[in-house]
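A quick write-up on the structure given underneath.
Keep in mind it's a predicted model, so treat the numbers as computed, not measured. Scope of the values below: all heavy atoms of this structure, side chains included, with no hydrogens, waters or symmetry mates. Naming convention: chains lettered A, B, ... in sequence-line order (proteins, then strands); numbering from 1 in each chain.
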2 protein chains.
Amino acid sequence: MDPTDKAILAILQRDSATPVSEIAESVGLSATPCWRRIKKLEEEGVIQRRVALADPAALNLSLTAIISVKTAQHNEAWLKRFADAVQRIPEIVEVHRMSGEVDYMLKVVVPDMAHYDRVYKRLIATAEFSDFTSTFSMEVLKQTTELPLDYA
Amino acid sequence: MDPTDKAILAILQRDSATPVSEIAESVGLSATPCWRRIKKLEEEGVIQRRVALADPAALNLSLTAIISVKTAQHNEAWLKRFADAVQRIPEIVEVHRMSGEVDYMLKVVVPDMAHYDRVYKRLIATAEFSDFTSTFSMEVLKQTTELPLDYA
DNA sequence: TCTGAAAATAAAGGGCT
DNA sequence: AGCCCTTTATTTTCAGA
């Protein structure tokens, strides 16, 4: 990717409220071409969206759980039920189908253990698991939406 | 939290580029009080920041690894080395200190296995681990920065 | 593709209910 | 708290090099 585009993207990944004029100055352009590059990045989908990041603690979401599960049945119907369920449960913020021992990993944010248990019950009510293990985050050392631009 | 503030936050979590006038209309306010509520949410830190989310695929970051590690030494010096290292490595996007069996879990985004291996080598060069296991995401079923507002 | 300026739109603030 | 109205800033478009 063009180095100027990368520089623009780096700024927007940190703070998408930065005025175009300020970004332009940073990357050594005037506002118009800088603005056009940003538009292009959005059209191409390199920039997917602009969002506000909320503070989990302020929203009473102090407990983060990482769940590893194995499915009881490897078939289409099970997957559909599972995929639909995780979409519908807002406390589930991330789900991956994994290689190796476990089939899926989930990240869940909730106020406390009692609420975690409710999400757990909701999950096992929807789809059958042959294994279900969870661990909890005691402390967040790093958490960022900034992706490395070195390979683009 | 005030229901109107929640409604505003819900919109901004989805799309922080939404004009204040439009948000105001959605929540049944005029622009000024809506704008003031947004400012307040920012000042209070409920809204931490506004960012642009980039497409990992477009940045050549197709491989996501979840790493579980155990530390060889439970002491201050080890932790400092480890914490510093993960901050410096941009491919590491998330790090938690965990309860239970493993000590830390990391999320890493890279172009491919070769690059994953470079991050691995960089990590083990910095701090000693008694255990280091990684699994890889085959497919992302859900991934969102939107936090549930039901508990706030 | 850039610059520079103009036009359109949105954000920020003042004064009042 | 909220609304209306004004000012300021920012975004977006346009003419020209």
Span of DNA chain D engaged by chain B, first through last nucleotide within the 4.0 Å heavy-atom cut-off, is dA1(D) to dC5(D)
| message | Could you check whether Tyr120(B) and Ser134(B), counting side-chain N and O atoms only, form a donor-acceptor pair closer than 3.5 Å? | response | no
>> Between Thr64(A) and Val93(A), is there a side-chain heavy-atom distance shorter than 4.5 Å?
In response: no
Residues Ile38(B) and Arg50(B): closest non-hydrogen pair is CG2-NH2, 3.5 Å
ask   = Is a donor on one side and an acceptor on the other found under 3.5 Å between the side chain of Ser99(A) and the backbone of Phe136(B)?
value = yes
- Has the side chain of Trp78(A) got a donor or acceptor atom that lies under 3.5 Å from a matching backbone atom of Ala127(A)? no
- prompt: Parallel, tilted or perpendicular: which fits the ring planes of Phe129(A) and Phe132(A), with parallel below 30° and perpendicular above 60°?
  reply: perpendicular
Exercise for the section: Inspect the surroundings of CZ in Arg81(A) and state if more than 12 heavy atoms from other residues, nucleotides or ligands are less than 6.0 Å away. Expected result: yes
Reading nucleotides 4-17 of chain C from 5' to 3' and marking B where a protein heavy atom lies under 4.0 Å of the base, S where only the sugar-phosphate is that close, and - otherwise, the string is BB-----SSBB---
